[in-house]
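Note on naming: letters A, B, ... go to the chains in the order of the sequence lines (proteins, then strands), and numbering restarts at 1 for each one. A quick note: this is a predicted structure, and the numbers were derived from the prediction, not measured.
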Amino acid sequence: MNLLSVDDLAITFETQEGSVKAVDKVSFDVKKGEIFALVGESGCGKSTTALSLMRLIPEPGKITSGKILFEGKDLLNVSENEMYSIRGKQIGMIFQNPLDSLNPVYTVGQQVVEGLLIDNMPKQEAWQRAIDIFDDVKISDSTQRVNSFPHELSGGMRQRVMIGMMLSRNPKLLIADEPTTALDVTIQAQILELLKELREKYNTSILVITHDFGIVAEIADRVGVMYAGKMVEVGDVYKIFENPSHPYTKLLMKALPRITKNQGRLETIPGNVPNLAKPPTGCRFHPRCPFAIDVCSKSQPEFIEIEEGHLCACHRGEF
Amino acid sequence: MSDMIEYTIKRLFTGIFVIFAVTALLFAIMQLMPGDAIQLIANPRVSPERIEELREAWGLNKPAYVQYFYWLSHVLKGDLGTSISTGQQVSVLIKARFPYTMLLTGLSLILQYIIAVPLGLITASNKNTRADGIMVVLTIILWSMPPFWLGILLMLVFGIWLKVLPISGYSGLSSLILPLMTMTLPSLASVFRLARSEVLEVLREKYVLTAYAKGLNRKRVLTFHVLRNALIPVTVMFFLSLPWLIGGSVIVESVFAWPGMGGLLWKAISNQDYPVVQGIIFIIAILTVISNILGDILSAFLDPRIRLEIKGDNL
Ligand SMILES: Nc1ncnc2c1ncn2[C@@H]1O[C@H](COP(=O)(O)OP(=O)(O)O)[C@@H](O)[C@H]1O
Ligand SMILES: [Mg+2]
């Protein structure tokens, strides 16, 4: 059963340099209880996609077409007032940098309680709940810690607070945009462990965004690979690892830091993500693709079902 | 909390030092000015011997540092001296005028912030609307008006053409309106611009996005998260601007013959009546130091990061 169904979503930023098509006809589903990973290099439109699910894309971004079906309801047709009751309550979101995601002038407890009070929970109960949540996200000394200010906590702790805060109202979906990118490796692993554990405990689906296939391997059930505003490959995580079909996916997996660590060299994909104000014709990856042939620069590839539960948009996907 | 008290005491001590440094500096500057008060007030027919006598009586022939310590020792006893040009007690002169200046500057300060801060919040959170654009242009115009010029303009319009408001002196509260407007409008514009730019800056912060993602509505986000953070620099500005306002009141009070300290200071400077000048600057220095300390304490109260710094400094 799909909790979230994104259908042909397109988002444009009108800038001086022209319209930046940050997200172009992207479709994917997040099923109940699963962890879905959106993966791709920086600038591919992952964060924009994530923010659009909350209807929080910054100016001058506009959703130009598509549907965002959450439990069957199209969030793009919902009033701003109704969105207030969806954000936090139905969908929570945490961000890349926990250092600036929390308000510096309030204690972390106040910030968690503030969310709980939206549901008219009595104040005392809310504080108790905040302490319990801190226990859930494994912050030791939770009774003391609720009274800390964000700058008194480490980056990992702050991300725990963010996770707790966003899970406190039991949302059905948690969006985690690069939740561990700003943290060091040991803390990264702990946070990923925590997310997996809390998914069970809170019975939440998670949409995790990352540029790192290592994280995908560690936590995702299914994965969508995004390149330059387009979804290029979607599938079950083990199928994609076993049989990566899009050249971009293959190269991205090779650039996987955890594998290359032993080999001593990190392979990066030559070239850069194109300027999305003027994306390449045809397949957007063709200028960087080692397998590109004539047709790749001429027509956009459609999704092909490689195997059950595994789609790929590549003219040469069969290789 | 005890950190805050320790910090305040430390600041008070440096403040006292600053106050006396300012008065000493002022004393030195007054010495550099050509001529002296006796020359200015004495009738040309007074004999040079008599002038010398007067100088001696006022201690003006002593070296500058002796004069300064003489002044200082009296101040510590609570005596600000006597005006050379009128012979009145400086403390009496100041006491009579101090309330008028405080009324004018205090009201002006409060009006500026009460109007400008909400306006800054509203326009910044509706950026790129027509109302925002109009406010920005309007405040640039106000801001670039010299107070002197604005004062005369207001006098012309309300006092001379419309004849609805008194233009000079003090004859009841209606006399307050024009000097208050002259003093408030340009500063209000600058407070508005500060508040607006601070709000715009806070609106770009990640924690504002977090607040929305949590499910808070716009009103709650703007007042509880945005305004609260934007108020920190605005509060500092509030307390820092008090001495500038009193400085500015010299011009405004002179233009409108407002019976405050500014007008008194203006006259005392032209007469080189140094006990009066010293006395007024001494009072302004005290106000400045106190408002700086208050500003720092309040910003520490508003911003836990500053509290942490204070704690760190005291360790
Ligand atoms: N506020 C914005 N204004 C203009 N362009 C933007 C803005 N935010 C994102 N973009 C553009 O959208 C594209 C996708 O950005 P983003 O969603 O942040 O990518 P990712 O999260 O995958 O790194 C980029 O080309 C970026 O330039
Ligand atoms: Mg991003």
Carboxylate-amine/guanidinium proximity below 4.0 Å for A/D119 and A/R169: yes

Pick one of side chain, backbone, both or neither for A/R55, based on which atoms fall under 4.5 Å of a heavy atom in chain B. neither

Residue part contacting chain A, namely of B/R204, when any heavy atom lies under 4.5 Å: neither

Identify whether NZ of Lys or CZ of Arg in B/R228 sits under 6.0 Å from the centre of the six-membered ring of A/Y106 and within 45° of that ring's axis. yes

Counting only heavy atoms closer than 4.5 Å, note whether B/I232 contacts chain A via side chain, backbone, both or neither. side chain

Of the backbone (N, CA, C, O) and the side chain (C-beta and beyond), which part of A/Q111 lies under 4.5 Å from a heavy atom of chain B, both, or neither? both

So does A/K62 pair up with A/E14, basic N to acidic O under 4.0 Å? no

Looking at chain A, which one of B/N128, B/L209, B/D303, B/L302 has the largest number of heavy-atom pairs inside 4.5 Å, strictly under? B/L209

Chain B contact via A/I91 - side chain, backbone, both or neither, heavy atoms under 4.5 Å: backbone

Scored by heavy-atom pairs under 4.5 Å with chain B, the best of A/G115, A/S101, A/S85, A/P150 is A/S101

Polar contact flag, side-chain donor to acceptor under 3.5 angstrom, A/R145-A/S148: yes

Sort A/I118 into side chain, backbone, both or neither according to what part of it lies under 4.5 angstrom from a heavy atom of chain B. side chain

May I ask you to decide if A/T204's main-chain N or O and A/R199's side chain share a donor-acceptor pair within less than 3.5 Å? no

Any side-chain donor-acceptor pair under 3.5 Å between A/Q128 and A/D132? yes

Who among B/R218, B/H225, B/E205, B/R220 has the most heavy-atom pairs with chain A under 4.5 Å? B/H225

Do B/Y212 and A/Y84 make the cut of ring centroids closer than 6.0 angstrom? no

As an exercise: rank A/M93, A/H151, A/M162 by heavy-atom pairs under 4.5 Å with chain B and give me the winner. A/H151

